[in-house]
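Residue numbers run from 1 in the order of the sequence given. Bear in mind the structure is a predicted one, so any value in this text is a computation, not a measurement. Whatever order the structure lists them in is the order used to number ligands and atoms, beginning at 1.
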Amino acid sequence: MHHLLSAADLSREEALSIIDLAEEMSEVQTREVKKLPVLRGRTVVNLFFEDSTRTRSSFEIAGKWLSADVINVSAKGSSVSKGESLRDTVRTLSAMGVDALVIRHMASGAPAQAARWTQASVVNAGDGTHEHPTQSLLDAFTMRRHFRAVTGDPQADWTGRTVVIVGDVTHSRVARSNVLLLRTLGARVVLVAPPTQMPSGVDSWPCEATDDLDAALAEADVAMMLRVQKERMHGGYFPTAREYTVGYGLTRDRLAALRPDAAIFHPGPMNRGLEISPDAADAASSRVLDQVAAGVAVRMSVLYHLLGGGSTAPLGPTTTSAEADRKGPTA
Ligand code: CP
């Protein structure tokens, strides 16, 4: 695997390899000294043309915990603001010898285009309304943990589980990547959206689609609420915020109607009171912060798969910087 551009590029074996290694990587989060020497000498650039809290900081933490050098470049404060093109920006950073470019861009397809201009590995960190593959991997990771916790079965996975994804599907790269990955992993995916926010052509997607939220939620093992993306909407998708909440929000009443073992997901950032009520966001069954924590472990695993030269990493005891200097690179 040289790039990660789309969840569709991942075979079941590749996805499982990333998720399984993320389970091992997550152990590092519990250590006092959070450092593995496996990417020493490798350089990762976070190239973000759109705002981000979770994705950018978790890629930065992931790279640093793997001992890579991590540099953050954002459109604001770089020569992009002087008019430099994506192509020239990518080629400029490549000429410096970087090993991976983690790219978020407002244009769908920008990371795939960038991958043609560089020898470095490219990770799609969210491109327009197209895809967000690492979000779907961290969601799948968090779901599997939830299924294992509620069943007590350490082998439980996505097979036969129903994941209901609700909201602004037309503008959601999270929904697209989750549909692709969860089908690969064996889940049943049901998309719920107002007719104006369900993409044309959804019939050809590997999932079901409906506008009946309450019927879908009654079958949900996971209820994933999507953010209403005000910045990508240009009028007319729903009459008022209140009507959206009544029709498609995870309200207090809908929270009470969920199955007791159902989990609530949201990729963040949340519009509390719009697509998700504060009660649902903070419910015991909310896995929102687990998703955030999983983001670091999954992105460690992705960076290791791209740059570490193998599909599994032997995680030894915590290594201090001084010990790492003595030992040298291990991968
Ligand atoms: N889920 C997600 O991509 O969040 P950020 O925009 O904060 O990175």
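Residue nearest to atom 1 (N) of ligand 1, selected from Pro269, Ser58, Pro267: Pro267 (by heavy-atom distance).
The protein heavy atom nearest to atom 4 (O) of ligand 1 is Arg54 NE, 3.1 Å. Protein heavy atom nearest atom 6 (O) of ligand 1, with residue, atom name and distance: Arg104 NH1, 2.8 Å. Looking from atom 2 (C) of ligand 1 to the surrounding protein, the closest heavy atom is Thr55 OG1, 3.6 Å.
Classification of Asp127 and Arg173 as a salt-bridged pair fails, no side-chain N sitting under 4.0 Å from a carboxylate O.
Annotation for ligand 1: atoms under 4.0 Å from non-hydrogen atoms of Gly268 are 1 (N), 2 (C), 4 (O). Here is the list of ligand 1 atoms found below 4.0 Å of a heavy atom in Thr53: 5 (P), 7 (O), 8 (O).
Side-chain contact of Ser177 with Ser136: a donor-acceptor pair under 3.5 Å is absent, judged by distance alone. A donor atom on one side chain and an acceptor atom on the other are not found under 3.5 Å apart for Thr142 and Arg287.
Trp205 and Leu180 are not part of a single hydrophobic cluster, where members link through side-chain heavy atoms under 4.5 Å apart.
The number of heavy atoms from other shown groups lying within 6.0 Å of CZ (Arg242) does not exceed 12.
The closest approach between any non-hydrogen atom of Glu50 and ligand 1 is not below 4.0 Å.
Paired with Asp157 under the rule salt bridge (Lys or Arg N to Asp or Glu O under 4.0 Å), one option of Arg148, Arg145, Arg12 passes, and it is Arg12.
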